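Worth saying up front: this structure is predicted, and the values here are computed from it rather than measured.
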Number of protein chains: 2
Amino acid sequence: MAASTLTEVARLAGVSPATASRVLNGSARKPGQDIADRVRQAADSLGYIPNAQAQGLAKSSSGLIGLIVHDIADPYFAAIARGVQEAAREQRKMVLLATTGGAPAEEREAVAAFAARRADSIVIAGSRSSQPENQEGNAELAAELDRYCRNGGRVAVVGHPVVGATAPEGYHVVAVPNQELAAALAGKLASGQDGDFVIIGGPDGLFTSDDRIRGFQEGLAAAGRKPAEVLRTAFNRAGGYEAGLKLADMIKARQAESRQADSGEEAGRGKLCIFAVNDVMAIGAAAALREQGLRIPRDATIAGFDDIETLRDFRPALSTVRLPLEEIGRLATRATAPGGASAREPGENGSGSTEAGPDGGRQQPITGEVTLRRSTETTA
Amino acid sequence: MAASTLTEVARLAGVSPATASRVLNGSARKPGQDIADRVRQAADSLGYIPNAQAQGLAKSSSGLIGLIVHDIADPYFAAIARGVQEAAREQRKMVLLATTGGAPAEEREAVAAFAARRADSIVIAGSRSSQPENQEGNAELAAELDRYCRNGGRVAVVGHPVVGATAPEGYHVVAVPNQELAAALAGKLASGQDGDFVIIGGPDGLFTSDDRIRGFQEGLAAAGRKPAEVLRTAFNRAGGYEAGLKLADMIKARQAESRQADSGEEAGRGKLCIFAVNDVMAIGAAAALREQGLRIPRDATIAGFDDIETLRDFRPALSTVRLPLEEIGRLATRATAPGGASAREPGENGSGSTEAGPDGGRQQPITGEVTLRRSTETTA
DNA sequence: AAGCAGTGGGAATGCGCTTTCCCGATACAG
DNA sequence: CTGTATCGGGAAAGCGCATTCCCACTGCTT
């Protein structure tokens, strides 16, 4: 038994389908009270549920918002997804989920699928990359997005613009001031730490990672410290863990050396200050250090970035940069709404590193906050 | 400029829309090679993307899978969502997400929305409840689901059947043996602990919680231990935290008492063994204890349930019951696939506590595993 | 050589709904 | 009292596609 149709409802109510449509779905024309009641009652008794596909086809709009993430089980994306979901609800739309693992090819595919479903807008979370092996994929993704926008779709990208997107109407960027925040973090850390800094970064070419690394180095420089060594690894927990293992060796070597040299208690001298470009990596690194018998912040300090919810119960409490993840999701989604706000990020483009297309699209200002916790406490 | 249509492609290729349709979308009839090439080329040059809405309308099927969770940012649901997403990909479908906070009324709404979109199947995660204030909502949810199934929809519920669902064709349950596993956990814990047990449970009437509590008590009884006291609280971290505060007081009182009585080192005598019905609550409780200056497992032991990914980096390592969350999501989704497996849970219905409708629907067997970790170690 | 199944393509119909467009009826001004 | 707006409802034309039916044609068989 297929679901009942509008026509059936209309027949039962003794009116035309047109009228039934007008009363059941918000139309400009409001039929008379008595008729409306009859129709509504008929619909009720039939358990009528409008066919959104047909509605969409007729109105050419679907009430769908497409969300693209790397991995929905990653707390970073999960938090953003929550925000998106919330905003979608405000707009009385549903969210269509696609997880891509970060591969541009799959992202392109997801965009195409969303376009096929005539999603009203698309939110892309997850950092862009300029790695050579992704070059082609990025170009195709950009082309797909452009086409989608040209056909009236609206897009919001979290973090960094899609490389090569020509920023047509309807293309928004929720810019995260990664660089500035990383610089601020470096500044604060530098004022409390006298050891050497090391950065655990993602693969070369990953914008989010690169921006944060660059910012951190700038902050260090501003504080008169020498640049940090950078370890490149995977942009996830496993990568952080791996780097942590290497760092553990390094730390042990330094400790031994230091002990030998001073034969005393000046072990703080060469203490390592680790900055992982995101929390998940920081957690991985911390786990590695712990397994190697090293303690934080005693043997090394460590800071992350994002302030994912998981951190709440992670010990030692991790210093990080608080990002309003949920809010980011909300803003991105709202930016794609028909009347969506679209204040362009005001102000200095800092080091002029925005290598977006001709135009980054409309931007949403986001503010983060450096949050120092136990993992970078030096005294006590 | 609206997206190009099949008709346009057909015209450009010099064929009829019918033919174009046949070559571009998997039809039984395969047009000639030359024609196919022409059509495909035309489609390419126009950047044709089939309108899934129209396809869905014509075929009356949407390629959509609806997923209902309480909160996508909760690691438990996120893990399940990942599995669902994966299985959806296998079926070349997309997942439509709805978060409801667990309110039956919102779940009903979500089901209706999915039905409107003609989702091919619906996966409902998140525990059912029989609380009186949800009574009505549950009934409506059940009715909505029934209707959806009657119209050919397929439903999979994770954990506990929806109360009152009359289990029509297409209604599946991925049964989690909460009770058995909780009993097993209790048994293992009882053999290593000599203190008193306390359970931090969710609100009365929440099936998942109640099943686990019941199972735990049974396990205790089987081990010859007296029943545990049960603290009822919210089924989330905040609830666990709250309960943890109370327990901290209790523990301190016992410690004082014990110290007075024996004036010695037999403090282990009255040590509390806490079982929280899920990991998130356990984490909340552990946080509360820590804040109160209590150490785990020294001052109290604690165990959770689910083995969410977050636990990996939580210290002390939390004893729990490992549930293959991702697999559960996958199985649930696969169960709703056209040819989906649907082996009925074989075997004993234990304490006859399955208060589902006339029939629980087809079931998927799930196995969990008691996992003891540091948080319940008594010696050392 | 005529009849046949088989093949490959096109015309037409319908999926369920929205939205003009149209028309009769009522209300109002002149 | 007639002419013109206005309102409330219905008929019909799509929205973009799949699919059934139909037809022209090929390559066989007997």
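- Rounded to whole Å, the distance from CG on A:L6 to C1' on D:dA11 is 15 Å.
- Each end of the helix from C:dA1-D:dT30 to C:dG30-D:dC1 gets its own axis from five base pairs, and the two axes differ in direction by 50°, given to 10 degrees.
- When the side-chain contact (heavy atoms from CB on, under 4.5 Å) test is applied to B:A112, the partners found at least two apart in sequence or on another chain are B:E144.
- For A:L57 and C:dT19, the CG to P distance is 12 Å, given to the nearest whole Å.
- The minimum heavy-atom distance between B:A98 and B:F114, with the atom names listed, is CB-CZ, 3.7 Å.
- Using a cut-off of 4.0 Å between Lys/Arg side-chain N and Asp/Glu carboxylate O, A:R128 and A:E107 are scored as salt-bridged.
- For the residue pair A:T5 and A:Y48, the shortest heavy atom distance occurs at C-CE1, 3.6 Å.
- Straight-line distance from the CZ atom of B:R118 to the P atom of C:dG16: 8 Å, rounded to whole Å.
- One finds no salt bridge joining B:R330 and B:E90 here, because no Lys/Arg side-chain nitrogen approaches an Asp/Glu carboxylate oxygen to under 4.0 Å.
- No salt bridge links B:E8 with B:R11; every basic N to acidic carboxylate O contact stays at or beyond 4.0 Å.
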Distances under 3.5 Å only, N/O to N/O: pair up the protein atoms with those of nucleotides 24-28 of chain C.
none

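- Between A:R89 and A:E86 there is no salt bridge, since none of the side-chain N atoms of the basic residue sits less than 4.0 Å from a carboxylate O of the acidic one.
- Considering all non-hydrogen atoms of both residues, B:T333 and B:Q91 come closest at O-NE2, 3.4 Å.
- In terms of phosphate contacts, A:Q55 brings a side-chain nitrogen or oxygen within less than 4.0 Å of OP1 or OP2 of C:dT18.
- Not one side-chain nitrogen or oxygen of A:S21 sits closer than 4.0 Å to the OP1 or OP2 atom of C:dC17.
- Atom CG in A:N151 sits roughly 11 Å away from atom P in D:dG16 (whole-Å rounding).
- The CD atom of A:Q53 sits 10 Å away from the C1' atom of C:dC15 (whole-angstrom rounding).
- Residue A:N25 places no side-chain N or O under 4.0 Å from the OP1 or OP2 atom of C:dC17.
- Residues from residues 39-52 of chain A with heavy atoms under 4.0 angstrom of DNA chain D: there are none.
- Residue A:S62 comes nearest to A:A119 through the heavy atom pair OG-CA, 3.5 Å, listed as atom of the first residue, atom of the second, then distance.
- Protein atom NZ of B:K59 is 11 Å distant from nucleotide atom C1' of D:dT19, rounded to whole Å.
- For the residue pair B:D37 / B:Q33, a side-chain donor-acceptor distance below 3.5 Å is found, with atom types taken as modelled.
- A:S60 comes within 4.0 angstrom of no nucleic acid atom, judged by non-hydrogen atoms across all strands.
- Partners of B:D120 under the side chain to side chain donor-acceptor pair (under 3.5 Å) rule, at least two apart in sequence or in another chain, are B:K93.
- Taking both residues in full, the closest heavy atoms of A:V9 and A:A42 are given as O-CB, 3.8 Å, listed atom of the first, atom of the second, then distance.
- Distance check, rounded to the nearest 0.5 Å: CG of A:D74 to CZ of B:R82 gives 8.0 Å.
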Pick out the pairs of N or O atoms, protein on one side and nucleotides 8-13 of chain C on the other, that lie under 3.5 Å.
from, atom 1, to, atom 2, distance (Å)
C:dG8, N7, B:R29, NH2, 3.4
C:dG9, OP2, B:G32, N, 3.0
C:dG9, N7, B:R29, NH2, 2.0
C:dG9, O6, B:R29, NH1, 2.6
C:dG9, O6, B:R29, NH2, 2.8
C:dG10, OP1, B:S16, N, 3.4
C:dG10, OP2, B:S16, N, 3.0
C:dG10, OP2, B:S16, OG, 3.0
C:dG10, OP2, B:T19, OG1, 2.3
C:dG10, N7, B:R22, NH2, 2.8
C:dG10, O6, B:R22, NH2, 3.1

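- Contact record, A:P104 with A:L141: O-CB, 4.4 Å, taken as the closest heavy-atom pair.
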